[in-house]
Amino acid sequence: MSSNTIRKSEIKFFQTTFPLTTQVHYQYSPEELVEQTILRQQGVLNDTGALCIHTGAFTGRSPQDKFIVRDTLTANTVNWNNFNIPFEEKHFIRLKEKMLDYLSTKKELWIRDAYVCADEQYRLNIRVINENPWSNLFCYNMFLRPDDSSLNAFVPEWEIIQAPEFKADPKTDGTRQSNFAVISFTHKTILIGGTGYTGEMKKGVFTVLNYLLPVQKNVLSMHCSANMGSINDVAVFFGLSGTGKTTLSTDPCRKLIGDDEHGWTNHSVFNFEGGCYAKIIDLSKEKEPEIFAAVRDAALVENARFYEGSNQLDYTDGSITENTRVSYPLSHINHALVPSIGGLPKHIFFLTCDAYGVLPPISKLTPAQAMYQFISGYTAKVAGTETGVKEPKATFSACFGAPFLPLHPGFYANLLGEKIKNADVKVWLINTGWIGGPYGVGQRIQLKYTRNMIQAALNGELEQEEYETHPVFGIRMPKRCSNVPVNILHPRYTWSDRKAYDETARNLAGLFIENFQKYADGVTPEIRMAAPKI
């Protein structure tokens with residue numbers, strides 16, 4: 001039953017049924033989905049066999065158009081804010097009806113049964129309905145795949161209905177504009193319309209898990225990558241998009257658990273997903289060989305361009321978007337851990353791309369500093385990646401994933417603090433951004449140096465080194481690290497104008513302090529004291 005075209009009369013077990021005129025392509029293989037996409041002129045193959053498509057007007061998520069249904073279940077549990085925007089249940093019910101009416105006019109649809117959470121104890125079954133084959137390929141890549149023998153007994157707990165060409169009417173449907181992503185925890189359904197960006201499906205499910213697992217299972221849901229060494233030592237990498245989660249966790253010397261979403265139980269770290277969704281702007285074989293090699297058959301490349309007159313991808317071309325992406329199953333990584341479950345973490349790395357050039361390339365954090373940095377969730381965007389951004393711009397995203405957290409950030413932070421203490425985890429802050437000055441003046445820290453510093457932390461080398469304390473941020477910086485130039489370990493020494501560094505550091509510290517005010521009442525005095533000093 002792995003590759004079937006079926007009609008309504010043959011799919012009585014589906015919760016959602018369609019007219020006899022609708023062909024339902026159920027559980028199609030990657031090869032079949034690629035072929036169907038090409039036949040419908042919705043995509044082309046590149047020279048390595050990856051399917052290349054454009055997602056349309058939306059090349060990234062639209063946070064202001066993501067809603068959660070506010071009802072008796074969520075009214076007093078969801079932390080309503082600019083990311084968790086309430087949506088009336090009556091609008092949700094009507095919008096779902098309209099979407100299904102729209103999909104019933106389609107000659108064909110693609111349906112896939114899948115699940116999330118590699119640890120069977122926390123498995124969540126989902127059913128996805130797509131109106132095009134390449135969206136269904138994304139779901140094959142990113143979600144976990146039940147074997148054929150289990151499909152007859154498969155019972156979906158959640159449903160995703162995704163229709164990129166369906167447009168909502170804001171006047172009657174309760175949306176902000178024609179595109180939307182709406183989650184109902186009561187109806188256990190995610191509605192996505194008006195956008196072809198596949199990441200909306202992935203992050204919709206992540207939001208669901210961020211609501212269910214911490215409260216119901218005492219599992220910390222994390223926006224992070226994770227890998228494991230030869231002695232089963234697990235490392236976790238938190239970070240916002242563009243800070244290096246996928247790149248740094250994809251280490252040929254360590255087993256990859258996953259690149260983006262994980263759960264931390266009392267005995268393990270497990271991957272939520274069955275694939276990776278990597279940014280590929282400026283991808284190169286030399287710097288990121290594992291990801292480069294994963295762009296092949298069954299991979300789905302989004303919004304990238306070819307070199308003129310060829311089908312070879314130009315990874316430097318960001319003319320459509322800087323957010324060029326590729327999704328691929330974990331099996332594309334030779335050293336992926338199967339199943340994607342590791343032991344308890346030994347090290348946590350908070351990744352930031354500091355475009356101000358202030359933070360050190362690596363520093364060791366106390367438990368209180370770890371909590372402060374986790375709640376802050378800092379990185380800095382650079383000029384050219386967003387319209388109107390002319391200089392570095394600080395971004396704070398609580399728990400390194402605020403748009404996907406239905407609960408108050410303090411809930412996740414407290415859970416993290418408990419688990420760090422119980423597992424005696426060492427926590428590090430890694431700056432993958434600039435040294436020697438801010439963006440436009442200084443230089444981006446070389447990837448090889450970042451890898452060497454992380455390796456030194458993992459193998460215990462940095463435990464033997466001397467440290468000095470940053471005068472503003474109070475974090476401890478090693479004085480030496482193997483295979484890393486000494487002069488880059490303290491960022492102030494890399495600036496030619498050290499007074500300018502001091503001023504920039506104080507300004508950034510002020511932004512940290514200002515941002516943290518909204519959380520100060522909900523944390524301990526020890527965490528508040530971990531703030532930078534100006």
Side-chain angles (χ1 to χ4, degrees), residues 29-31 33-34 45-52 114-119 137-147 202 224-237 239 244-262 268-302 304 312-313 315 324-343 345-347 349 351 432 447-448 450-452 454-455 457-459:
S29 69
E31 294 78 14
L33 295 170
V34 169
L45 295 179
N46 81 324
D47 60 339
T48 64
L51 179 64
C52 303
Y115 67 97
V116 289
C117 298
D119 189 326
L137 175 63
F138 176 85
C139 296
Y140 172 88
N141 287 342
M142 296 309 303
F143 300 139
L144 289 156
R145 298 162 281 279
D147 57 40
K202 164 187 162 69
C224 69
S225 59
N227 62 26
M228 188 172 74
S230 58
I231 57 173
N232 297 330
D233 55 314
V234 171
V236 169
F237 301 79
K245 290 196 310 300
T246 301
T247 298
L248 294 171
S249 60
T250 308
D251 183 337
C253 297
R254 296 172 65 84
K255 292 286 188 181
L256 178 67
I257 301 174
D259 82 324
D260 196 44
E261 302 171 7
H262 293 81
S268 69
V269 166
F270 67 89
N271 193 355
F272 289 166
E273 302 179 297
C276 299
Y277 193 39
K279 291 188 75 169
I280 56 172
I281 192 71
D282 294 324
L283 179 67
S284 71
K285 184 177 181 180
E286 294 70 30
K287 291 183 179 180
E288 299 170 272
E290 297 283 338
I291 299 173
F292 188 89
V295 185
R296 55 182 177 86
D297 57 294
L300 179 69
V301 175
E302 298 177 358
Q312 182 182 356
L313 287 166
Y315 291 112
T324 51
R325 295 266 182 177
V326 61
S327 70
Y328 50 86
L330 274 171
S331 58
H332 277 31
I333 301 296
N334 292 329
H335 53 95
L337 186 64
V338 180
S340 303
I341 307 172
K346 300 296 184 184
H347 296 268
F349 297 94
L351 307 178
T432 62
L447 178 59
K448 65 179 181 180
T450 302
R451 289 194 188 280
N452 290 339
I454 289 174
Q455 181 57 40
L458 291 172
N459 64 23

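Atoms considered below: every heavy atom in the structure, side chains included; atoms not considered: hydrogens, waters and symmetry mates. Being a predicted model, the structure only gives us computed values, none of them experimental.
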Exercise. Are any non-hydrogen side-chain atoms of Leu137 and Leu51 less than 4.5 angstrom apart?
Worked result: yes
For this session: May I ask you to test the Asn227-Lys255 pair for a side-chain heavy-atom distance under 4.5 Å?
Result: no
Exercise. Going through the distances and angles, do His335 and Glu290 end up as a side chain to side chain contact (heavy atoms under 4.5 Å, CB included)?
Worked result: CA-CA 9 Å; His335 53 95; Glu290 297 283 338; 3.4 Å; yes
For this session: Might you point out which heavy atoms bring Tyr115 and Pro146 nearest each other, and give the distance in Å?
Result: CE2-N, 3.8 Å
Exercise. Does some side-chain heavy atom of Asp119 sit less than 4.5 Å from a side-chain heavy atom of Cys117?
Worked result: no
Exercise. Under a 4.5 Å cut-off applied to non-hydrogen side-chain atoms, are Cys52 and Leu45 in contact?
Worked result: no
Exercise. Have Glu288 and Thr247 got a donor and an acceptor in their side chains that come within less than 3.5 Å?
Worked result: yes
Exercise. Sub-3.5 Å donor-acceptor pair from the side chain of Ser225 to the main-chain atoms of Ser249, do we have one?
Worked result: no
Problem set entry | Main-chain N/O of Ala235 paired to His347 side chain as donor or acceptor, under 3.5 Å | no
Problem set entry | Arg296 and Tyr328: CA distance, side-chain angles, deciding distance, side chain to side chain contact (heavy atoms under 4.5 Å, CB included) verdict | CA-CA 9 Å; Arg296 55 182 177 86; Tyr328 50 86; over 6 Å; no
Exercise. Could Lys287 and Asp282 be called an ion pair, given the rule that one side-chain N must be under 4.0 Å from one carboxylate O?
Worked result: no
Problem set entry | Distance, nearest 0.5 Å, that separates CG of Asn141 from SG of Cys276 | 10.0 Å
Exercise. Can you tell me if Arg325 uses its side chain to pair, donor with acceptor, with the backbone of Leu300 under 3.5 Å?
Worked result: no
Seminar exercise, completed: Applying ring-ring contact (aromatic ring centres under 6.0 Å, His included) to Phe237 and not counting sequence neighbours gives Phe349
For this session: Indicate yes or no: at least one non-hydrogen side-chain atom of Pro329 is less than 4.5 angstrom from one of Arg145.
Result: yes
For this session: Could you tell me whether the side chain of Asp259 reaches within less than 4.5 Å of the side chain of Glu273, counting heavy atoms only?
Result: yes
Exercise. Where is the tightest heavy-atom contact between Ala336 and Leu330, given as atom of each residue plus distance?
Worked result: CB-O, 3.4 Å
For this session: For Phe270, check ring-ring contact (aromatic ring centres under 6.0 Å, His included) against everything at least two apart and list the hits.
Result: Tyr122, Phe272
Exercise. Okay, side chain of His262, backbone of Val269: is any donor-acceptor separation there less than 3.5 Å?
Worked result: no
Problem set entry | Leu256/Leu337 under side chain to side chain contact (heavy atoms under 4.5 Å, CB included): CA gap, chis, key distance, verdict | CA-CA 6 Å; Leu256 178 67; Leu337 186 64; over 6 Å; no
Exercise. Between the side chain of Thr48 and the main-chain N/O of Val295, is any donor-acceptor distance below 3.5 Å?
Worked result: yes
Exercise. Do Tyr277 and Glu302 have side-chain atoms, one donor and one acceptor, less than 3.5 Å apart?
Worked result: yes
Exercise. Between Asp260 and Lys245, does at least one N-O distance fall below 4.0 Å, as a salt bridge requires?
Worked result: yes
Problem set entry | Intermediate values then yes/no, side chain to side chain contact (heavy atoms under 4.5 Å, CB included), Ile257 and Ile341 | CA-CA 7 Å; Ile257 301 174; Ile341 307 172; over 6 Å; no
